[in-house]
Amino acid sequence: MPQKLNLYNTLTRKKEVFEPLHAPFVGMYLCGPTVYGEPHLGHARSAVTFDVLYRYLKYLKYKVRFVRNITDVGHLQNDADEGEDKIEKIAKAQKLEPMEVVQHYTNVYHRDLEKLNTLSPDIEPRASGHIIEQIEMIKEILENGFAYEVNGSVYFDVPAYNKDHNYGKLSGRIIEDLLSNTRDTEGQGEKRSPLDFALWKKASPSHIMRWPSPWSDGFPGWHLECSAMSRKYLGENFDIHGGGLDLMFPHHECEIAQSQASHSHSDAAKYWVHNNMITVNGQKMGKSLGNFINLSELFSGNHEMLEQAYSPMTIRFFILQAHYRSTLDFSNEALQAARKGYTKLMNGLRVLEKMQYPEEGVAPDEKLNEELLKLTEDCFRGLDDDMNTARTIASLFNLLKKVNSLYLGQLQIGNLTRGTFDTIRETYRTLVLDILGLKEEPLGDQEEMLSLVLTFYKEAKESKDYDKVDAIRAELKKQGIVIKDLKTGIDWAYEE
C-alpha cells in the first residue's frame, strides 16, 4: 500500500503528512496566469507540477475541487501598485478591447496546456467576474481597521496588521528589514507606509478597465482576487494553495494578510506549496527579463536559443525529471536527454502491451516475485515523499529493466505469479499515464506505413538481401524508429 502523502509546507518550512480538513474532500487553489502574452516554460512548470498533484490526489481517492484563476485585471506593470495594467497596455498598443486580449491569450493558454496533457481545473474563475466579491472583502478589511481610503483608493495597512499578526510569516521576511529597505520611498504617494498595498485603485481618466465601487470608479488590487475567489469556491479554510516561488512574496503573503484581516482567524490554506523556477544560465526565466521561451516556440523550434523543436511530452518529461522545489535549468542538452527518457518510458508501455502471461506457468520464483513487487512499491515512494517525480521516474526505470529482461526472455514470465505480473503492468501504466500524465505521441498515418515497411524488412531478411535490410534500418532511424530482431520475431521501438 502507498505510504501517506507528505508535502512540504512553505508556511511551516517542513514536510507534513497531508491530512485534509474535511476528508475525503480536498480544496486546492492554484494561481493561474495573467493573460497578456503567450505562456512560456515557467507557466508550464507550475501547471504540470500541480496537475500531477491533482492527479495523485484523485488516485488516492480524494474528492478534489481544483480551482485555478485567470488574472484579467489589476496586475500592473512591475507587479507594483502604480503604472499601466499589463493587459490594458497590450490592448492600447493593438487597438483592441482589453477583453479581446484576455480571451485570445486565455485560449492560447488552454491550447498549450492541452498539448501538455494537463487536466482542466474544476473551476477557472476570472478576476473581472468577481468584482462584487472583492469589494465586499475590502469592506470587511476596512471595518476591521486594517485598511484606509485615500482619494478614492483603498490601501491595506501593513503596520497596523502586523501589530496583532505576522506579516512575513510565509516568506520569512521581517517587517523592520522590509521597512529599512524601502525607507527612501517613504512619504511618497498616497500610502502611509511603503509596505502598504492596494486593495482598490481609483482609475485615472485614461484607464479603460474600471468598475463602480463605494470609493471610486476603479479596479481591484492584484493580490485581492485570489483571496476573494478562493474563499468563494473553497471556503474560508481550504487545504492547498499552490503557485510559483516568485509569488510567495509579496503576492501570497498579501493573500494571507487579506484573509486574516477580513475574517480575523485564517491563513486561508493549510498547506502552501510552491514550485521553483525555470532558469536560463542560472537566471530566472520570465517575461520581465526578456529570456523566456514561449511554449509555441518550443513546440516549433522557432527561437534563437533552440537547436530543434521539442514535443509537448518531451517538455512535460523535462519538467517532471526534477523535483518541483528544485530549480530547473534550461538547455538544449537537457531537453534532448528528456526526449530520450520519455521515449524509454513509452517503449516500456509498448513492451508491456505485447507481453502475455503464459497459459501454463511454471513454479513461481519467490525471490523474483518479491524483488519485482518491491520495485513496484518503490515507484510510489517518490510521490509520497513531497511529490518527488524525479525519484518516481528513476524507480520506473529500475522496474523497466526487469520488464525488458522478461520481454527478452532473460527472465521467465512464468516464474511470476499472475498477481505479480498484473501488478507490474497496472503500476507502470497507472504511474506513467494517469499520474505523471505522459502519453504516447502518435505516429498517425505512419502506423500503417510502419507495419508495411516491417513486412518488407522481414522479406528482405528472409531472402538475405542485406543491402535492403540496412537501407530500411537506416531510413527508419531517420524517423526516430529502431528495428529490433528478437527471438520471438521482428519489433520496433522509439529510438532512445
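Here, residue 1 is the first one in the sequence, and each next residue gets the next number.
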Point to revise | Trace of the side-chain contact (heavy atoms from CB on, under 4.5 Å) decision for Ile240 with Tyr29 | key: CA-CA 6 Å; Ile240 299 170; Tyr29 188 93; over 6 Å; no
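- Shown here is Arg65, whose CZ atom has no more than 12 heavy atoms of other residues, nucleotides or ligands within 6.0 Å.
- Between Trp215 and Trp200, the ring planes are tilted. Angles from 30° to 60° get that label.
- For Glu136 and Lys139, the salt-bridge test passes: some basic side-chain N is under 4.0 Å from an acidic carboxylate O.
- Checking side-chain atoms of Glu88 against main-chain N and O of Met209 turns up a donor-acceptor pair under 3.5 Å.
- The distance from the CZ atom of Arg339 to the CD atom of Gln308 is 9.0 Å, given to the nearest 0.5 Å.
- Of the charged side-chain nitrogens involved, at least one lies within less than 4.0 Å of a carboxylate oxygen, so that Asp267 and Lys169 count as a salt-bridged pair.
- Checked against the 6.0 Å centroid threshold, His241 and Tyr271 do not count as a close aromatic pair.
- Using a distance-only test at 3.5 Å, with no hydrogens or angles considered, no donor-acceptor pair links the side chain of Thr71 to the main chain of Thr34.
- Here the side chain of Glu114 pairs no donor or acceptor atom with the backbone of Arg111 at under 3.5 angstrom.
- The closest side-chain heavy-atom distance from Leu396 to Leu431 is below 4.5 Å.
- A heavy-atom distance below 4.5 Å is found between the side chains of Leu53 and Leu57.
- Although no hydrogens or angles enter the test, the distance criterion places a donor-acceptor pair under 3.5 Å between the side chain of Thr106 and the main chain of Val102.
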Point to revise | Pair Asn388-Tyr324, side-chain contact (heavy atoms from CB on, under 4.5 Å): steps then yes or no | key: CA-CA 7 Å; Asn388 192 338; Tyr324 76 90; over 6 Å; no
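- Few gaps surround CD on Gln336; more than 12 heavy atoms of other groups in view lie less than 6.0 Å from it.
- Counted by atom type alone, Ser128 and Asp72 present one or more donor-acceptor pairs between their side chains at under 3.5 Å.
- The closest donor-acceptor contact from the side chain of Asp112 to the backbone of Leu295 lies at 3.5 Å or more, if one exists at all.
- Checked by atom type and distance alone, the side chain of Ser326 pairs as donor or acceptor with a backbone atom of His323 at under 3.5 Å.
- Side-chain N or O atoms of Arg210 include one that pairs as donor or acceptor with a backbone N or O of Ser204 at under 3.5 Å.
- With hydrogens and angles disregarded, no donor-acceptor distance shorter than 3.5 Å links the side chain of Asp85 to the backbone of Val73.
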**Study point:** Pair Phe380-Tyr59, ring-ring contact (aromatic ring centres under 6.0 Å, His included): steps then yes or no
**Key:** CA-CA 11 Å; Phe380 287 96; Tyr59 168 80; 5.6 Å; yes
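- The two residues Leu345 and Leu438 make their nearest non-hydrogen contact at CD1-CD1, 3.8 Å.
- Annotation: ring-ring contact (aromatic ring centres under 6.0 Å, His included) contacts involving residues 62-114, sequence neighbours excluded, comprise Phe18-Tyr62, Tyr54-Phe66, His75-Trp222.
- Judged by distance alone, with hydrogens and angles left aside, the side-chain atoms of Asn162 form a donor-acceptor pair with the main-chain N or O of Tyr167 at under 3.5 Å.
- Of the possible donor and acceptor atoms, none in the side chain of Glu140 sits under 3.5 Å from a partner among the backbone N and O of Ala261.
- Here the side chains of Ile208 and Lys92 are in contact, with some heavy-atom distance below 4.5 Å.
- Counting heavy atoms from C-beta on, the side chains of Met313 and Asn117 come closer than 4.5 Å.
- Using the six-membered ring where Trp is involved, Phe146 and His165 have ring planes that are perpendicular, over 60° apart on the 30 and 60° scheme.
- Around atom CD of Gln77, more than 12 heavy atoms belonging to other residues, nucleotides or ligands sit under 6.0 Å away.
- With salt bridges taken as basic N to acidic carboxylate O contacts below 4.0 Å, one links Arg192 and Asp157.
- Glu441 and Lys115 are not joined by a salt bridge, as no carboxylate oxygen comes within less than 4.0 angstrom of a charged side-chain nitrogen.
- Phe50 approaches Asn275 most closely through the heavy-atom pair CE1-OD1, 3.6 Å.
- The two residues His252 and Cys31 make their nearest non-hydrogen contact at NE2-SG, 3.3 Å.
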Check your understanding: How far apart are the C-alpha atoms of Asp51 and Arg55, what are their side-chain angles, what is the distance that settles it, and do they pass the salt bridge (charged side-chain N to carboxylate O under 4.0 Å, His left out) test?
Key -> CA-CA 6 Å; Asp51 180 61; Arg55 289 169 176 269; 2.8 Å; yes
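- Rounding to the nearest 0.5 angstrom, the gap separating the CD atom in Glu16 from the CG atom in Asn9 is 4.5 Å.
- Ring geometry for Tyr155 against Tyr148 counts as tilted: the plane angle lies between 30° and 60°, on a 0 to 90° scale.
- At a threshold of 4.0 Å, the pair Glu82-Lys191 does not count as salt-bridged, since none of the basic side-chain nitrogens sits closer than that to a carboxylate oxygen.
- Separating the SG atom in Cys226 from the CZ atom in Arg231 is a distance of 13.5 Å, to the nearest 0.5 Å.
- Note: Arg45 CZ to Leu328 CG = 4.5 Å, rounded to the nearest 0.5 Å.
- Residues Trp272 and Glu255 meet the side-chain proximity criterion, which asks for heavy atoms closer than 4.5 Å.
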Practice item. Output, in order, the C-alpha distance, side-chain angles, deciding distance and verdict of side-chain contact (heavy atoms from CB on, under 4.5 Å) for Leu320 and Val48. Key: CA-CA 8 Å; Leu320 295 177; Val48 169; 3.7 Å; yes
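- Contact detail for Ser262 and Asn144: the closest heavy-atom pair is O-ND2, 3.2 Å.
- Between Leu436 atom CG and Gln321 atom CD the span is 12.0 Å, to the nearest 0.5 Å.
- Taking 4.5 Å as the limit, some side-chain heavy atom of Pro220 sits within range of a side-chain heavy atom of Ile131.
- At a threshold of 4.5 Å between non-hydrogen side-chain atoms, the residues Ser227 and Met137 count as touching.
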Practice item. Dump the intermediate steps for side-chain contact (heavy atoms from CB on, under 4.5 Å) on Lys270 and Glu19, then the final yes or no. Key: CA-CA 9 Å; Lys270 182 178 180 182; Glu19 295 178 338; 4.0 Å; yes
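- Between Arg325 and Asp386 there is a salt bridge, since a side-chain N of the basic residue sits under 4.0 Å from a carboxylate O of the acidic one.
- Distance check, rounded to the nearest 0.5 Å: CG of Leu298 to CD1 of Ile315 gives 4.5 Å.
- Other residues, nucleotides and ligands contribute more than 12 heavy atoms inside 6.0 Å of the CG atom of Asp434.
- Closest heavy-atom contact between Glu253 and Leu170: OE2-N, 3.1 Å.
- Of all the heavy atoms in Val280 and Asp329, the pair that sits closest is N-OD1, 3.7 Å.
- Residues that satisfy the side-chain hydrogen bond (donor to acceptor under 3.5 Å, both in side chains) test with Lys15, not counting sequence neighbours, are Asp385.
- A donor-acceptor pair shorter than 3.5 Å can be found between the side chains of Thr314 and Ser311.
- Between Asp122 and Arg68 there is no salt bridge, since none of the side-chain N atoms of the basic residue sits less than 4.0 Å from a carboxylate O of the acidic one.
- Using a 4.5 Å heavy-atom cutoff, the side chains of Glu38 and Phe292 are not in contact.
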